[in-house]
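Just so it is clear, the structure is predicted and the values come from calculations on it, not from any experiment. Every heavy atom of this structure was used, including side-chain atoms; hydrogens, water molecules and symmetry mates were not.
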Amino acid sequence: QVTLVESGGGLVQPGGSLRLSCTASGSIFSTNVMGWYRQAPGKARDMVARISTGGTINYGDSAKGRFTISRDNAKNTVYLQMNSLKPEDTAVYFCNVFSDLKNYWGQGTQVTVSS
């Protein structure tokens with residue numbers, strides 16, 4: 001089984017920054033994809049960013065130019081550096097790992113951007 005633990009969410013002012021972290025543990029393939037998705041009330045869950053063990057990165061439109069995803073393969077940890085945060089970034093951010101043809105999800109961490 002796979003478990004994911006997220007941290008780093010919180011309340012920030014517009015223009016501020018947050019760094020999210022997620023560590024996966026359990027039966028994870030050496031090759032996998034980890035990423036971040038977010039969901040605001042009344043909206044679908046959207047992909048923010050994802051990165052493979054090989055370093056291939058995909059960003060959602062909302063993240064381009066402002067967010068940076070990275071990972072430490074040895075620790076099965078993925079990070080999301082979020083800069084220039086906007087109120088519309090407010091959402092629950094979920095960590096995801098795709099491993100062995102299965103998706104696993106963290107419980108989510110709240111990010112609130114407000115003045």
Side-chain angles (χ1 to χ4, degrees):
Q1 59 185 16
V2 176
T3 57
L4 293 82
V5 179
E6 303 128 322
S7 64
L11 174 64
V12 296
Q13 294 183 343
S17 299
L18 283 175
R19 189 183 189 227
L20 306 182
S21 299
C22 172
T23 298
S25 61
S27 300
I28 305 172
F29 267 4
S30 59
T31 56
N32 57 73
V33 179
M34 299 185 72
W36 293 94
Y37 296 71
R38 71 186 187 186
Q39 187 168 21
K43 295 185 177 181
R45 185 174 298 185
D46 293 330
M47 191 272 287
V48 178
R50 56 192 181 195
I51 181 170
S52 72
T53 47
T56 300
I57 294 173
N58 298 115
Y59 287 111
D61 289 340
S62 63
K64 293 178 180 177
R66 299 188 299 128
F67 298 176
T68 302
I69 191 168
S70 61
R71 64 181 293 163
D72 185 333
N73 291 340
K75 297 180 178 180
N76 283 325
T77 298
V78 63
Y79 308 93
L80 185 68
Q81 178 67 47
M82 304 188 293
N83 299 324
S84 301
L85 284 162
K86 304 174 181 179
E88 51 262 44
D89 295 317
T90 296
V92 177
Y93 285 69
F94 296 91
C95 181
N96 166 269
V97 59
F98 181 72
S99 174
D100 195 20
L101 303 179
K102 299 176 182 177
N103 275 298
Y104 301 91
W105 297 93
Q107 65 182 17
T109 184
Q110 177 70 47
V111 172
T112 302
V113 184
S114 176
S115 60

Distance (rounded to the nearest 0.5 Å) between [X] [atom1] and [Y] [atom2]:
{"X": "I69", "Y": "W36", "atom1": "CD1", "atom2": "CH2", "answer": "8.5 Å"}
{"X": "D100", "Y": "S27", "atom1": "CG", "atom2": "OG", "answer": "9.0 Å"}
{"X": "C22", "Y": "L4", "atom1": "SG", "atom2": "CG", "answer": "4.0 Å"}
{"X": "S70", "Y": "I57", "atom1": "OG", "atom2": "CD1", "answer": "8.0 Å"}
{"X": "Y104", "Y": "T3", "atom1": "OH", "atom2": "OG1", "answer": "10.5 Å"}

Open item on the list: Please list all pairs meeting salt bridge (Lys or Arg N to Asp or Glu O under 4.0 Å) that have one or both residues in residues 34-57, counting only residues at least two apart or in different chains.
Closed with: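 Pairs touching residues 34-57 that pass the test: R38-D89.
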
- [ ] Kindly state each residue pair satisfying salt bridge (Lys or Arg N to Asp or Glu O under 4.0 Å) with at least one member in residues 53-63, sequence neighbours excluded.
- [x]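 Checked against salt bridge (Lys or Arg N to Asp or Glu O under 4.0 Å) - neighbours excluded - the pairs reaching residues 53-63 are D61-K64.
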
TODO: Would you kindly check if the NZ (Lys) or CZ (Arg) of R71 is within the cone defined by 45 degrees around the ring axis of Y79 and under 6.0 Å from the six-membered ring centre?
DONE: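 Ring-cation test returns no.
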
Review item, side-chain donor-acceptor pairs of residues 108-115, under 3.5 Å, at least two apart:
| from | atom 1 | to | atom 2 | distance (Å) |
| --- | --- | --- | --- | --- |
| T109 | OG1 | G9 | N | 3.3 |
| Q110 | NE2 | A91 | O | 3.4 |
| Q110 | NE2 | T112 | OG1 | 3.3 |

Task: Which residues share a ring-ring contact (aromatic ring centres under 6.0 Å, His included) with Y37, sequence neighbours left out - done: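 W105.
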
Show me the donor-acceptor pairs, under 3.5 Å and distance only, between side chains in residues 81-88 and residues at least two apart or in other chains.
| from | atom 1 | to | atom 2 | distance (Å) |
| --- | --- | --- | --- | --- |
| Q81 | NE2 | N83 | OD1 | 3.0 |
| N83 | OD1 | S17 | OG | 2.8 |

Open item on the list: Name the residue from T68, I51, V48 that meets the side chain to side chain contact (heavy atoms under 4.5 Å, CB included) definition with Y59.
Closed with: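 Result for side chain to side chain contact (heavy atoms under 4.5 Å, CB included) with Y59: T68.
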
Task: Worked verdict on S25 versus N76 for side-chain contact (heavy atoms from CB on, under 4.5 Å) - done: CA-CA 7 Å; S25 61; N76 283 325; over 6 Å; no

TODO: Share the residues that join L101 in a hydrophobic cluster, the rule being Ile, Leu, Val, Met, Phe, Trp or Tyr side chains under 4.5 Å apart at the heavy-atom level.
DONE: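 L101 clusters with V33, F98.
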
